[in-house]
Protein chains: 2
Amino acid sequence: MTASTATLAETAKPRDNKRPQVLDSAARYFREQGYAASSMRDIAAAAGMKAGSMYYYFASKEELLVAVHEEGIRRITKAVNAALAGPAGPWERLEAAMSAHLASLLDGGDYAQVVTRELPRDDGPARRRLIGMRDDYETIFRGLVDALPLPPETSRRHLRLMLFGAMNWTQHWYRPAGDTPEAIARAFVSVLRKGDQP
Amino acid sequence: MTASTATLAETAKPRDNKRPQVLDSAARYFREQGYAASSMRDIAAAAGMKAGSMYYYFASKEELLVAVHEEGIRRITKAVNAALAGPAGPWERLEAAMSAHLASLLDGGDYAQVVTRELPRDDGPARRRLIGMRDDYETIFRGLVDALPLPPETSRRHLRLMLFGAMNWTQHWYRPAGDTPEAIARAFVSVLRKGDQP
DNA sequence: GTCTATAGCAAGATAGAC
DNA sequence: GTCTATCTTGCTATAGAC
């Protein structure tokens, strides 16, 4: 607060804040082992500290999960919005957004993958807030699908739900040696676009 | 073995075998709470016994998961094959198979939902066998997609992967009060079929 | 901020009586 | 077949020294 001499982006002493490392470690474990199977000890060890020390940054394991979720949604939202700055055509915009979503999910996307897979089980305020954030994100795609030139009888809701399913399911079959996220997005759009536009 | 007087479908004494109840209970818990968060005590209680007694039927918790998987794949394969007995057109056959898959997944489908969500984490023989069974099942859809009349440039592989993603993602948004599994299958096919055939 | 130590509890699995 | 009792292990979280 009174940091008249502090450098930018540092609200506290620079040397102590290992919060990002803790969060990275948690994201990696939650993705690889699942939330329930990840222990605070393991997460702490990978972040270079002991389990007890993590409670300085996060009051509980669930709070750690919530923080990973928030960061994941923040990152993927940012990536998709950045990708939408360029293209103008409705199909091109959809493909760009899908490409960014897939890249976030598939290329080292510990955070994003946790978002699609682990949600706090009990119906507390934490769970509801995360669902709200996820819904906000999905609103972007609602707009993109609504902008597509489609036959009037097409259910845009089902098309959007298909897209999310197709995208988030890629985690189960994606291999780094195979298609890139961009290629997958292109292929998905091409399947849908069939007769519509040259 | 020497059961010359035993009735059909009973290899042992009829009154003792509570294995199906145990399996049902495990499937329900694995679906509702996830594998890691389900305790042998809870599963046993819902099956009307104590935790120790379950080890008479299954040697470990993981063996219970494998058995639920096998039963789940068996059921959904049977349902899809039955649905394919009727229709003849390629799109009609795909829609029938999707409808059966979705019904298995969404209508009280504890077993099927576990198949799509929980896999043994460590790379043992159990995990590999389950993946093999799942791949065999997916072969059915490979044939159905290959039979579709599509523009030559369409990637049938990506179309098939889209379908599985779209179908298995329905668990996350399906509500019993909304669309039926049949209606969802119809809507998905209609999105894909667009200009192709009247 | 990070440590050690530990409280307090729940888990999977086993042994042996019945 | 099912029970009770228990072993062993691992977990989250806290307390207090440094």
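So that the names make sense, note that chain A is the first sequence line, chain B the second, and so on, each numbered from 1. Just so it is clear, the model here is predicted, and its values are computed rather than measured. Just so it is clear, the values below take in all heavy atoms, side chains as well, and ignore hydrogens, waters and symmetry mates.
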_From C-beta outward on A:M49, which listed nucleotide comes closest to its side chain: D:dT4, D:dG1, C:dC3?_
C:dC3
*Counting heavy atoms from C-beta on, name the nucleotide in D:dT2, C:dT2, D:dT14 closest to the side chain of A:Y55.*
D:dT14
*Between P of C:dA11 and OH of B:Y29, the distance in whole Å*: 11 Å
*Mind checking whether B:Y137 and B:H101 have ring centres under 6.0 Å apart?*
yes
*How close do B:Q33 and B:A37 get, heavy atom to heavy atom, and via which atoms?*
O-CB, 3.3 Å
*Atom-to-atom span, CG of B:L65 to C1' of C:dG12 - whole angstrom*: 15 Å
*Would you please test A:H158 and B:D179 for side chain to side chain donor-acceptor pair (under 3.5 Å) and show each step?*
CA-CA 10 Å; A:H158 286 103; B:D179 298 335; 2.7 Å; yes
_CA sep, side-chain torsions, deciding dist, call: B:E182, B:T180, side chain to side chain donor-acceptor pair (under 3.5 Å)_ = CA-CA 5 Å; B:E182 296 78 30; B:T180 61; 3.2 Å; yes
*Among C:dT4, C:dT2, D:dG1, which nucleotide sits nearest the side chain of B:Y57?*
D:dG1
Dump every N/O contact between nucleotides 8-11 of chain D and the protein below 3.5 Å, one line per pair.
{"unit_1": "D:dC11", "atom_1": "OP2", "unit_2": "A:R41", "atom_2": "NE", "d": "3.4"}

*Starting at OH of B:Y35 and ending at C1' of C:dA11, how long is that distance when rounded to a whole Å?*
12 Å
_Can you measure A:K50 atom NZ to C:dT4 atom C1' for me and round it to whole angstrom units?_
9 Å
*Using only side-chain N and O atoms of B:Y56, determine if any of them is under 4.0 Å from OP1 or OP2 of D:dT2.*
no
_I'd like to know whether CZ of B:R156 has more than 12 heavy-atom contacts from other residues, nucleotides or ligands below 6.0 angstrom._
yes
_Taking only side-chain N and O atoms of B:S53, does any of them lie within less than 4.0 angstrom of OP1 or OP2 on D:dG1?_
no
